[in-house]
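Everything on this sheet refers to the single structure shown next.
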Amino acid sequence: MKFLELAKTFDELEAISGRTEITKKLAHLLKTASWQEAAIICYISLGELRPPYEGTQFNLAEKSLIKVVSDLLGYTQEEIKKELAKISDLGQLIGNYNWHPKEDLSIIDVYKELETLENISGGKSQEEKAAVVKKLLKDLDPISAKYVLRIILGKIRIGFSDMTIIDALSWMQEGDKSLRHKLEDAYNRCADIGYIAKILKKDGIEAIEKMGCIVGIPIRPAAAERLPTAEAIVEKLGDCIAQPKLDGFRLQIHVDKTKSKPMVKFFSRNLKDMSDMFPDLVDAVLQLNVETLICEGEAVAYDPNTGQFEPFQITVKRKRKHDIEEMAVDLPLKVFIFDLLYLNGREYLADTHEERRTKLLSIFKSVKDDKIQAIDEVKIKTGQQLLDYFNSMIGQGLEGVVVKRPDAIYTPGKRNFNWIKLKRQEKGHLEDTLDCVVLGYYYGKGKRASFGIGAFLVGIYNDRQDAFETVAKIGTGLKDQEWKELKKKCDSISIGKRPHNVECSKELYPDVWVNPEIVCQIRADEITRSPLHTADKTEKHLGLALRFPRIMGYRSDKSAFDATTAKELTRLFEDQKKK
DNA sequence: TCTGTCTGCCCC
DNA sequence: ATTCTGC
DNA sequence: GCAGAATGGGCAGACAGA
C-alpha cells in the first residue's frame, strides 16, 4: 500500500466528526491492508512506531522541525513561526504547499525511514536528523508530508485513537461492532494494538479470544474517578474500603521466577518500561512468595535519615537513566502494593477487590523487607469515617485517599467509579482559590489555534518589589466560548512588550502581553518551589508555582493590586508544609 | 567542561 | 495531571 | 459516560555551541 493512500484516508477522517463514520472508514482501510501494513497503520495512527513499552523516541519535535520546514519551503524561521501562530500545526502548514514528489513511497518505506531517523544519535545528530527529514518530506507529496510531520511530532490529531481502532477492527472483520468486547479484552491484557491487528488478520477472532495476560507485557491500568467530598463518595459507593494515596509514581510489577534467571519488570502508568530504573527494588520483589506475578503499587522516595516520604518533585528524580545506583542510596524507594492482577499462572482481573486483597496479603506473609509492602486498607461505612481517615492521611503528609468498591472487579484500561480519589486541595476546601492577575496569553494548537489563544500567564502582586510576579500558566477550565471572550478582552488591553513592573523568566514570555488588570480565580492542588516562576522569588530561594492550575472564574470586583499577594501566597505555602 | 535549549504517547 | 466537547 | 484533545509544573537526557 502506498503511503499516499493512507495519508489521503487520514485527511478524509480528519474532516469527519461522527464516530461511527470514522470507524467504518478506518475499518475499510485496515481491510485493504496486509497484516504487516495493518500493524504499522495502528502504530502510526497513534504517532508511534511500536507498542508503548518498547518506546518510540525521535528526539526531534516542533522547534527542530520548524528549521527543517523553513529550509525546505525556502522561508525564514520567523515567517514560518508567524504562520504557525495562525494555523494548527506544522503538518497542516506544509500540507498547504505544493511541490512535485520524487518518489512514490509505500507505507513500509516510510516506516523504515522513520526507524532510521530514530536511530540517529550522538554528535551532529540533530543536523543529520534534519537532513533525513528534509529528504523524506521532499520525496513525498504534500499530503503525505503533512502526516509524516505529525507522526514525528507524536500526535496525528485526526479525531480517533486506540479505542476507535479496536472498534474499527471489529467492523473490518464482521461489518459491525460485535467483536468489540473480545478485541478490547485482548488489548487490555496485551497493550500492543499492532499485535492485536496482526493476530486478528492472520489467525482470526478465535486466536484473539485465546489471548490472556502475559508476564512481561503490561496490562492497561485501571484509573480512578474524582469526587469533591467524602460524603459524595460514601453516597455513591455505600460500604467501601479506603487506602492512602501516595504521591509517587505508579508501577506495574511483573515477576517470573520460573525462568533460569528470574525476571522482574516495572512499567509506568503509561506503559513505559522502567525496569532498569529501580535495581534497589528487585531483591525485595523477589522475596515475594510467588512463581509468577503481576501486581500494582505506588513507589515513593523517603528520607533515609528521618523516614519521611519525599514530595513528588524529589521522588521523580528516581526516573532516570544515569547514576541510578548512587541515587538509589541517596533517595531510597518504598513501594506500596495496592492490587494483584495475576498470580502463579492465573488471572485475577475478574475477581472482586476483596478476593484480590486476600490473595495479595497471602503473598506478603513471609516478607521481611519493608521496601515492599501491601498498602494499608480500612473499612468505611460513613462519610464522617472517611473524612476522619482522609484527615489523618493528610496529617501524615500524604496526597489523600483512594476509595474502592469492595465487590468490583479490576477493569483494565477504564476510568470509573469503582475507584474514587479524594485529594487535598491547597488548603482542603472547595472554595479555596487564589486571585491571580492575567499578564499575557499564548497562541494555541488544534482547536485552540482557531480561537487565537491556548493558554494564559497569571501572576500575583508583590508589594515589597512593587511588581507582578508569575505563578502559573493556565490552559484548562474555560469553555470554548469563554476562551474566545478572554482573547477579545486581552486584545483590548494588549501592550507591545513586557511592562516594567512584571517579573518573568524568558522561557515563560507570552506571545501577547496585556496590561495587568484582569483578576481571575485559580484553583490548584499544591504550591511548590519553582525553577521558573518568579512569585516570592529572592536571591535566597526559588519562586513559587501552582501544581495542576485551572481557572474557576473571574473576580471583576477586584483590582490587580487587591489580588492574592506574594506575602499571602508564601503564607499558604508555609501552612501547607505544616500539613 | 560548562551552559543553554529542546524534548518527552515523560512523570504527575 | 484537569477540564471540556461531540457523540 | 466514553473517547479524544486541549492544556499545566518540573524532572533528566541529549545535544549544540561556547
Side-chain angles (χ1 to χ4, degrees), chain A residues 17-22 43 46-53 55-66 88 121-127 129 151 153-164 166-167 223 225-226 247-250 268-272 274 277 298-299 311-323 327 399 413-417 421 423 442 444-449 451 453-456 458 471-483 506-508 522-533 542 544-552:
Chain A
S17 66
R19 173 129 270 98
T20 317
E21 204 183 332
I22 290 176
Y43 295 134
L46 304 179
E48 297 288 315
L49 300 184
R50 282 175 288 281
Y53 50 91
T56 304
Q57 194 151 336
F58 294 105
N59 277 323
L60 190 76
E62 185 154 7
K63 294 282 164 62
S64 315
L65 291 174
I66 286 174
S88 56
S121 66
K124 299 269 180 190
S125 63
Q126 289 295 304
E127 227 171 279
K129 280 177 194 250
I151 291 164
L153 289 165
K155 277 183 180 172
I156 60 164
R157 291 210 317 258
I158 43 183
F160 75 87
S161 187
D162 52 354
M163 297 321 288
T164 306
I166 293 293
D167 266 344
E225 278 289 355
R226 192 171 178 171
D247 196 7
F249 33 73
R250 186 167 174 175
S268 75
R269 181 203 176 87
N270 293 321
L271 309 178
K272 296 288 151 196
M274 303 176 92
M277 294 179 194
E298 188 84 4
F312 181 75
Q313 263 173 303
I314 302 296
T315 296
V316 78
K317 289 174 189 280
R318 288 296 309 269
K319 182 180 159 288
R320 64 196 300 123
K321 271 170 83 171
H322 305 309
D323 306 319
M327 287 304 278
E399 201 190 6
K414 292 275 180 259
R415 181 183 301 277
N416 56 39
F417 287 95
K421 59 187 162 184
K423 297 215 310 186
Y442 307 86
K445 295 204 196 301
K447 178 152 70 164
R448 296 272 176 92
F451 302 165
I453 180 173
F456 57 98
V458 298
V471 72
K473 276 162 76 183
I474 312 293
T476 192
L478 293 181
K479 310 253 202 297
D480 287 0
Q481 183 58 32
E482 293 172 323
W483 281 108
K506 281 229 165 55
E507 298 92 326
L508 288 166
I522 302 298
R523 177 181 290 166
D525 278 17
E526 195 180 5
I527 302 165
T528 57
R529 281 286 165 207
S530 164
L532 216 51
H533 285 285
L542 300 172
L544 295 172
L546 306 180
R547 191 180 187 200
F548 310 140
R550 58 265 198 198
I551 179 169
M552 306 305 289

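This structure is a prediction, so every number in the text was calculated from the model and none was measured. Lettering follows sequence order; numbering is per chain, from 1.
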OP1 or OP2 of [N] less than 4.0 angstrom from a side-chain nitrogen or oxygen of [X], does that happen here?
X: A:Lys272; N: B:dG8; value: no
X: A:Gln313; N: D:dC11; value: yes
X: A:Thr315; N: B:dC12; value: no
X: A:Lys473; N: D:dG8; value: yes
X: A:His533; N: D:dG9; value: yes
X: A:Thr164; N: D:dG4; value: yes
X: A:Arg269; N: C:dA1; value: yes
X: A:Gln57; N: D:dG13; value: no
X: A:Lys414; N: D:dA3; value: yes
X: A:Arg157; N: D:dA6; value: yes

Report which part of the nucleic acid [X] touches: base, sugar-phosphate, or nothing (heavy-atom distance under 4.0 Å, all strands).
X: A:Ser268; answer: sugar-phosphate
X: A:Arg529; answer: sugar-phosphate
X: A:Lys423; answer: sugar-phosphate
X: A:Lys421; answer: sugar-phosphate
X: A:Gly154; answer: nothing
X: A:Asn416; answer: nothing
X: A:Gly122; answer: sugar-phosphate
X: A:Ser64; answer: sugar-phosphate
X: A:Glu48; answer: base
X: A:Gly477; answer: sugar-phosphate
X: A:Leu271; answer: nothing
X: A:Ile22; answer: nothing

Flag, side chain of [X] to backbone of [Y], donor-acceptor distance under 3.5 Å:
X: A:Arg50; Y: A:Gly55; result: yes
X: A:Lys317; Y: A:Met327; result: no
X: A:Arg19; Y: A:Gly159; result: yes
X: A:Arg318; Y: A:Ala299; result: no
X: A:Thr315; Y: A:Phe312; result: no
X: A:Arg547; Y: A:Glu526; result: no

Nucleotide nearest [X] (side chain, heavy atoms from C-beta), chosen from [options]:
X: A:Phe312; options: C:dT5, D:dA12, D:dG9; result: D:dG9
X: A:Asp162; options: B:dC9, D:dC15, D:dG4; result: D:dG4
X: A:Ala61; options: B:dC11, D:dA14, B:dG8; result: B:dG8
X: A:Lys321; options: D:dA14, D:dG1, D:dG9; result: D:dA14
X: A:Lys155; options: D:dA14, D:dG1, D:dT7; result: D:dT7
X: A:Arg550; options: C:dT3, D:dC15, D:dG8; result: C:dT3
X: A:Asn270; options: B:dC12, B:dC10, D:dG8; result: B:dC10
X: A:Val316; options: B:dC12, D:dC11, C:dT2; result: D:dC11
X: A:Gln126; options: B:dC12, D:dT7, D:dA16; result: D:dA16
X: A:Asn59; options: B:dC11, D:dA14, D:dG10; result: D:dA14

Whole-Å distance between [N] [atom2] and [X] [atom1]?
X: A:Phe58; N: B:dG8; atom1: CZ; atom2: P; result: 9 Å
X: A:Asp525; N: C:dA1; atom1: CG; atom2: P; result: 10 Å
X: A:Met163; N: C:dG6; atom1: CE; atom2: P; result: 22 Å
X: A:Ile166; N: D:dG4; atom1: CD1; atom2: P; result: 10 Å
X: A:Glu507; N: D:dC11; atom1: CD; atom2: P; result: 13 Å
X: A:Arg19; N: C:dG6; atom1: CZ; atom2: P; result: 13 Å
X: A:Glu127; N: D:dA16; atom1: CD; atom2: P; result: 8 Å
X: A:Met327; N: D:dA12; atom1: CE; atom2: C1'; result: 10 Å

Between B:dC9 and D:dG4, how many Å separate the two C1' atoms, rounded to a whole number?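 Their C1' atoms lie roughly 13 Å apart.
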As an exercise, state the distance from CZ of A:Phe160 to CD1 of A:Ile166, rounded to the nearest 0.5 Å.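 One gets 12.5 Å once the value is rounded to the nearest 0.5 Å.
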Value rounded to 0.5 Å, distance of CD in A:Gln313 from OG1 in A:Thr528: 4.5 Å
Heavy-atom check, side chain of A:Asp525 versus side chain of A:Arg550, under 4.5 Å: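 Yes, at least one pair of side-chain atoms sits under 4.5 Å.
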Find the partner of [N]: check Watson-Crick (N1-N3 plus N6-O4 or O6-N4) and G-U wobble (N1-O2, O6-N3) distances, both under 3.5 Å, and reply none if neither fits.
N: D:dC15; answer: B:dG4
N: C:dG6; answer: D:dC2
N: D:dG8; answer: B:dC12

For DNA chain C, whose closest nucleotide is more 5', that of A:Lys479 or that of A:Phe548? A:Phe548
Minimum-distance pair of heavy atoms, taken over all atoms of A:Asp162 and A:Leu46: N-CD2, 3.5 Å
So, is B:dC9 syn or anti if syn means the angle is within 90° of 0?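 Here B:dC9 takes the syn form, which means its glycosidic angle is within 90° of 0.
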Any donor-acceptor pair, under 3.5 Å, between the side chain of A:Thr476 and the base of D:dT7, if you only look at N and O atoms? no
